[in-house]
2 protein chains.
Amino acid sequence: MALIRAKDHSPGEDQVSRSGQPESRRALTLRDVSEASGVSEMTVSRVLRNRGDVSDSTRERVLEAAKRLGYVPNKIAGALASQRVNLVAVIVPSLSNLVFPDVLGGISEELEDSGLQPVFGVTNYLADREEAVLYQMLSWRPSGVIVAGLEHTEAASAMLRNAGIPIVEIMDVDGEPIDSVVGISHRRAGLEMARAIVRAGYLRIGFLGTKMPHDYRARKRLEGFEAGLAETGVELADKEFYSGGSALLKGREMTEAILSRTPDLDFLYYSNDMIGAGGLLYCLEKGIDVPGKLGLAGFNGVDLLDGLPRKLATMDACRHEIGRRAAQIVAGRSGSGLIGGEIVELTPVLQLGDTIRNA
Amino acid sequence: MALIRAKDHSPGEDQVSRSGQPESRRALTLRDVSEASGVSEMTVSRVLRNRGDVSDSTRERVLEAAKRLGYVPNKIAGALASQRVNLVAVIVPSLSNLVFPDVLGGISEELEDSGLQPVFGVTNYLADREEAVLYQMLSWRPSGVIVAGLEHTEAASAMLRNAGIPIVEIMDVDGEPIDSVVGISHRRAGLEMARAIVRAGYLRIGFLGTKMPHDYRARKRLEGFEAGLAETGVELADKEFYSGGSALLKGREMTEAILSRTPDLDFLYYSNDMIGAGGLLYCLEKGIDVPGKLGLAGFNGVDLLDGLPRKLATMDACRHEIGRRAAQIVAGRSGSGLIGGEIVELTPVLQLGDTIRNA
DNA sequence: GTGAAAGCGCTAACAG
DNA sequence: CTGTTAGCGCTTTCAC
């Protein structure tokens, strides 16, 4: 299975100085560049950071020496001295959930030319893990934090409150933010989906979703959904939950399960597009009339699924935009004039697709 | 679309000290904990790092004070003093390509209890961007680097060579590694797929893939594939390339295009599973006999697609395992006894699925 | 335009 | 078991 072999290292040669003394290769410092260029450390530092006036000739000599030596500045020392760190901590629950790579993409894009650098941490939907990751990241004294969700442990909330830097909670606006927040109302997303479904004349509605106890946003969507149905006196006819495994496959299995248990359902609302797609494929195979006899809808607006036989009804979660806006706030370019405390609620757009019949 | 409002900040209160002097809130230091606990800075430091012997009573006093104050250690200062940084730089081309989140997952998992922390950077398949990201990351003096691919700019290669830390290039073993490498041979993957296809009796074979000029691995697979066909005198009958857009949709479009241009094709080899899945869906809709009249295969072994109507033939790219192994090497727990220069070639497993007929 | 001195917050090394 | 001293490699500040 795996083949391991030693690389041809000429042993020791790199590790032994001219004088024969063993010495571990020390990383280059400003002093090395200073000596190589005959310019003071201070001026070298100025050149390398483009700060203050330096004569062209000096600048050139320094740059040449730095390049020739292969000098890489030590940001640790720089950060300690200047009390400035160009890092932004970004904490998300998962990377395999298709949602987050999009958000991170928006953040990277926006930060690209801001001089700030995102640093990603993953919590696996575990509050304790979030706390630990946050602690680690804060100990590097970043310039800002972007964190998914409004729910944190006591300790994590306290750290965020006391960090003294911009904090942006993202994805969700249904709750009390610590500082700024950028997201959508998942409650309202569920609510509006419910209204659209009822408006289209469906009545026997089932819900299929994740069992993850800490996916607060999915839960809020379900709450909103039920509230939306209740407006016209409709109640959820059945529910089905899952955890783990391939979402597409789970979508199939759950759909089969719920339909065999409650055969008279005329609509299935899935908590994400992937399981919705699995359900759609299942229904098409079984020859079920979609959306005539059975309507379907998911959530997220995942364009990964664009090539399916039918376009699943969904609601765009504004993932990329959320990333951008959050990054703008941290970078101080949101244009709001506010320092902290920004509330940005984005509005997800309902996409009817081909799986909800026209009212 | 977006609603922005100010948060109710009680202005200034936090920013003004008891004495009425405005002062920006300084982050807590060891000294603060030292004073609050009546223990020397050094001993506080020992307690907080679990180093050296400290009496239980002292430890308790320190821990209590640190917790009460909400002290978060400053790793910048710590790193500068100890010349140790618990960060591992991880550089990948993309997060939207489903492959990389899996790799990152493997890395995170393995590093979890090693005291090391991954820091992710994204290059968008741009060599210059890779160089820039690498420079940024090296300037934080990480304990190791994990980077996707064997192809780098001159400058990037030089930086990696001179960094004096473990470097692990991942995904691909077809080339000259700088230090260690963990991956599969994409050339061989293509070659073996070709053999399997020819063995199954297909003869008029088309290739569909990405146009991305810098996806070296996809290119190597194609080379290997053509070499594999050539062993029995077969040549690729047609090729089709794409870039951008939803892969599933592109897979459909490309399949339609190649089949209308070259209708007598009896096999389509896709450079990744997503476009392969699009092609599969297209063929099923058109009523094409798969795998009887037309065989299909992709690459990656993406389990995201597990719920499709048929299982697409593919080859597992060992993504998760690659991440784990690379992380082990950086953490010094690969068990090989080597210091640097490890070559780990994983063997992807061919999964015939339902889209290659039995030979 | 350039340089010298001081110190960022922590830890290594040693002394007791 | 605990404390003292001396930096880590930069940048700030001030002097020239």
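Per chain, numbering begins at 1; letters A, B, ... match sequence-line order. Here the structure is a predicted model, which means the values were calculated and not measured.
An OP1 or OP2 oxygen of D:dT12 is reached within less than 4.0 angstrom by no side-chain nitrogen or oxygen of A:Gln83. Between B:Arg46 and C:dC10 there is no side-chain N or O to OP1 or OP2 distance below 4.0 Å. OP1 or OP2 of D:dC10 has at least one side-chain nitrogen or oxygen of A:Tyr71 nearer than 4.0 Å. Dashed line: the shortest gap from a side-chain N or O of B:Arg31 to OP1 or OP2 of C:dC8 is not under 4.0 Å. Distances shorter than 4.0 Å separate some side-chain N or O of B:Ser45 from OP1 or OP2 on C:dT11. A sub-4.0 Å separation between OP1 or OP2 of D:dT2 and a side-chain N or O of B:Ser55 is present. Residue A:Ser82 places no side-chain N or O under 4.0 Å from the OP1 or OP2 atom of D:dT11.
As rounded to whole Å, 10 Å separates atom P of D:dC8 from atom CZ of A:Arg26. Distance CG (B:Leu48) to C1' (C:dT11): 13 Å, rounded to an integer number of Å. Atom CG of A:Leu30 is separated from atom C1' of C:dA4 by 15 Å (rounded to the nearest Å). The CZ-C1' distance, from B:Arg51 to C:dA12, rounds to 11 Å in whole Å. Rounded to a whole Å, the CZ atom of B:Arg49 is 9 Å from the C1' atom of C:dA12. Protein atom CH2 of A:Trp140 is 13 Å distant from nucleotide atom C1' of C:dG9, rounded to whole Å. If you measure from atom CG of B:Asn74 to atom C1' of C:dC10, you get 8 Å, rounded to the nearest angstrom. Straight-line distance from the CG atom of B:Asn86 to the C1' atom of C:dT11: 15 Å, rounded to whole Å.
Among the protein residues, A:Asp53 comes within range of the nucleic acid bases, having at least one heavy atom under 4.0 Å from a base atom.
Remark: B:Asp56 does not engage B:Arg61 in a salt bridge, criterion side-chain N to carboxylate O under 4.0 Å. Between A:Asp113 and A:Arg333 there is a salt bridge, since at least one side-chain N of the basic residue sits less than 4.0 Å from a carboxylate O of the acidic one.
In terms of modelled atom types and a separation under 3.5 Å, the side chain of B:Glu110 and the main chain of B:Gly323 share no donor-acceptor contact.
If you find the closest nucleotide of DNA chain D to B:Ser57 and to B:Leu80, the one lying nearer the 5' end belongs to B:Ser57.
Relative to the side chain of B:Thr58, the nucleotides D:dT2, D:dT13, C:dC8 differ in distance, and D:dT2 lies closest. Distances from the side chain of A:Arg84 to the nucleotides D:dG9, C:dC8, D:dT12 place D:dT12 closest. In the set D:dG9, C:dG3, C:dT11, the nucleotide with an atom closest to the side chain of A:Val39 is C:dG3. Ranking C:dG3, C:dA12, D:dG9 by closeness to the A:Thr43 side chain, first place goes to C:dG3. The nucleotide whose nearest atom lies closest to any side-chain atom of B:Ala81 is, among C:dG1, D:dT2, D:dG7, D:dG7.
Remark: the B:Ser334 side chain and the B:Glu342 side chain contain an N/O donor-acceptor pair separated by less than 3.5 Å. Counting only N and O atoms by type, the side chains of A:Ser45 and A:Arg49 include a donor and acceptor under 3.5 Å apart. Between B:Glu151 and B:His214, the side chains place no donor N or O within less than 3.5 Å of an acceptor N or O (distance only, hydrogens not considered).
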